[in-house]
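Here's the structure, in structure tokens; my notes come after.
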Amino acid sequence: MTQAQETGMYTQSMDLPDDAAEPRSAGLKAVPQALHPSEAELQAQFDTRIDADGKIEPRDWMPEAYRKTLVRQISQHAHSEIVGMLPEGNWISRAPSLKRKAILIAKVQDEGGHGLYLYSAAETLGTSRDQMLDALHTGRAKYSSIFNYPTLTWADVGVIGWLVDGAAIMNQIPLCRCSYGPYARAMIRVCKEESFHQRQGYEALLVMMQGTAEQKAMVQDAVNRWWWKCLAMFGPPDADSPHSAQGKRFGIKRIGNDELRQKFIDATVPQAQVLGVTLPDPELKWNEERQHHDHGEIDWDEFWATVNGNGPCNKERLATRVKAWNDGQWVRDAALAHARKQQHRALKEAA
Ligand code: BYC
């Protein structure tokens, strides 16, 4: 048995159970009905396809609320990927060995690639990349709360791989089966890469935990700082999640925020034991009756303050993004000029 199997490490399998046994409409708010009779027919076809677990593709008719939900979620997800490059990117020049540096460069590059797949998926819904990036750079768009915290030591890089990417996989595997084709297909590749990211983080921590007392303390300190933030990554409790019901109805959100958070906790506790770290929650304990771990209360005030722009690194992250965008203007200009020149040449040759 491999260590990954022993610790219940995440796999790329997409067989997580969901509530698909129930018709998706059960107990949930119906999709608002279109007013025009021809649209009512299209709406009925759309609902039938969703209920049959079919895929919606870019050229298919879709209700505006479906399009809006997808643009919101996919663009936020894309922003999270490219902002997520920043806290780890800070450590590329300080990685402790050539091997760790090569791994970290590859990981950060993968995150950039995930952003590109996701922006492309969102573009199929009729929004432009410029519009989405403008929303990010002007602070109107959200991205994951988790990237607004500092990476203080090298152990943070390992913990981000283990816990942040671990939480991301837990949330993203069900998205491989979401109803919108381009998003679902993008997520398959993203999840495969995230699985590598999670394992490299865990392996880096395993090595540190066999090191000096100082190294072990550094890992524990990083776990203490990131644990609660990772639990909040899954979003507010279901009861306070305004988009969950409709996301489920649309077949976008397969599993709710609380259930995913619970799955993550249950999967992570044995991994922490193998690693030899303590998860910083005195109320964390196995509940025989529920067959799950009970846990303490998440600080939702702190979460919302961070989501709303007042976390420790929000301003720094946004400023770095805007600077990168401005510094890269000449590259985009040059690429466009080159494309125009090629197009002009092709037209001339065809004439
Ligand atoms: N941070 O009704 P809810 C990664 C917002 S990338 C900030 O539950 P929904 C990685 C939510 O957007 C990780 N905001 O919403 C990358 C909504 O605000 P709006 C990103 C959050 O959409 C690089 C409001 O709260 N993953 O892991 O049903 C390196 C109400 O929430 C957060 C994805 O984006 C948060 N944590 O559910 C390493 C996955 N949570 O839009 C790693 C795709 C909630 O009303 N997204 N909000 O202004 C999703 O699965 C869902 O959008 C969420 C939220 C579960 C995040």
Side-chain angles (χ1 to χ4, degrees), residues 10 68-91 104 106-115 117-118 121-122 135-136 139-149 151 156-157 159-178 180 183-184 186-187 190-191 193-198 200-201 226 228-250 252-261 264 298 300 302-311 314 317:
Y10 310 109
K68 243 175 108 175
T69 300
L70 282 168
V71 168
R72 179 185 65 79
Q73 179 166 328
I74 303 173
S75 63
Q76 286 177 4
H77 193 165
H79 300 328
S80 305
E81 298 285 354
I82 63 168
V83 177
M85 297 168 78
L86 303 176
E88 290 181 286
N90 282 341
W91 277 92
L104 186 56
K107 178 186 191 298
V108 170
Q109 187 170 296
D110 282 353
E111 309 298 3
H114 297 172
Y117 315 149
L118 290 163
L136 174 65
R140 285 175 291 125
K142 287 194 171 68
Y143 58 85
S144 182
S145 51
I146 197 74
F147 301 117
N148 291 307
Y149 300 101
T151 37
D156 288 40
V157 174
V159 168
I160 288 179
W162 174 37
L163 295 180
V164 174
D165 289 271
I169 301 170
M170 199 54 95
N171 163 278
Q172 292 174 9
I173 286 176
L175 291 173
C176 297
R177 292 182 292 112
C178 91
Y180 189 56
Y183 192 24
M187 290 318 299
V190 170
C191 285
E193 292 175 351
E194 292 293 7
S195 171
F196 151 75
H197 297 168
Q198 196 255 356
Q200 67 77 35
W226 288 94
W228 289 101
K229 318 296 183 208
C230 289
L231 297 191
M233 263 178 88
F234 292 93
D238 293 347
D240 303 323
S241 161
H243 303 300
S244 275
Q246 189 152 68
K248 283 188 176 177
R249 168 70 192 113
F250 282 150
I252 298 169
K253 205 164 178 171
R254 299 282 178 163
I255 307 182
N257 299 356
D258 289 328
E259 191 181 341
L260 284 173
R261 192 172 5 254
F264 173 72
I298 294 164
W300 291 112
E302 197 267 349
F303 167 79
W304 287 118
T306 303
V307 169
N308 291 322
N310 299 314
N314 295 57
R317 298 285 183 251

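Residue numbers count from 1 along this sequence. As the structure lists them, so they are numbered: ligands from 1, and atoms in each ligand from 1.
R317 places no side-chain N or O within 3.5 Å of a backbone atom of N148 that could act as its donor or acceptor partner. Of the possible donor and acceptor atoms, one in the side chain of R254 sits under 3.5 Å from a partner among the backbone N and O of R177.
Counting the atoms of ligand 1 from 1 in the order shown, those under 4.0 Å from a heavy atom of D165 are 38 (C), 42 (C). The atoms of ligand 1 that sit less than 4.0 Å from any heavy atom of Y143 are 1 (N), 7 (C). Less than 4.0 angstrom separates some heavy atom of N257 from each of these atoms of ligand 1: 8 (O), 55 (C). Short contacts between ligand 1 and F234, defined as distances under 4.0 Å to a heavy atom of the residue, involve ligand atoms 55 (C). Against a heavy-atom cut-off of under 4.0 Å, G235 is close to the following atoms of ligand 1: 40 (N), 44 (C). Close approach of ligand 1 to P236 (heavy-atom distance below 4.0 Å) involves ligand atoms 8 (O), 31 (O), 44 (C). Residue-ligand proximity, E111 to ligand 1, at heavy-atom distances under 4.0 Å covers atoms 16 (C), 23 (C), 29 (C), 38 (C). Listed by number with element, the atoms of ligand 1 under 4.0 Å from a non-hydrogen atom of W304 are 24 (C), 25 (O).
Geometrically, ligand 1 and S241 share a nitrogen or oxygen pair separated by less than 3.5 Å.
In this structure, atom 32 (C) of ligand 1 lies nearest to the protein heavy atom F303 CZ, 3.5 Å. For atom 53 (C) of ligand 1, the closest non-hydrogen atom of the protein is N171 ND2, 4.6 Å. The single protein non-hydrogen atom nearest to atom 9 (P) of ligand 1 is K253 NZ, 3.4 Å, given as residue, atom name and distance.
Summarising the contacts of atom 12 (O) of ligand 1 with K142, R254, Q76, Q73, the nearest heavy atom is found in Q76. Remark: among candidates Q198, M233, E81, the nearest residue to atom 16 (C) of ligand 1 is E81, based on non-hydrogen atoms.
Residues Q200 and G161 approach most closely at NE2-CA, 4.1 Å, considering heavy atoms. Closest non-hydrogen pair, T151 versus D156, comes out as CA-OD2, 3.4 Å.
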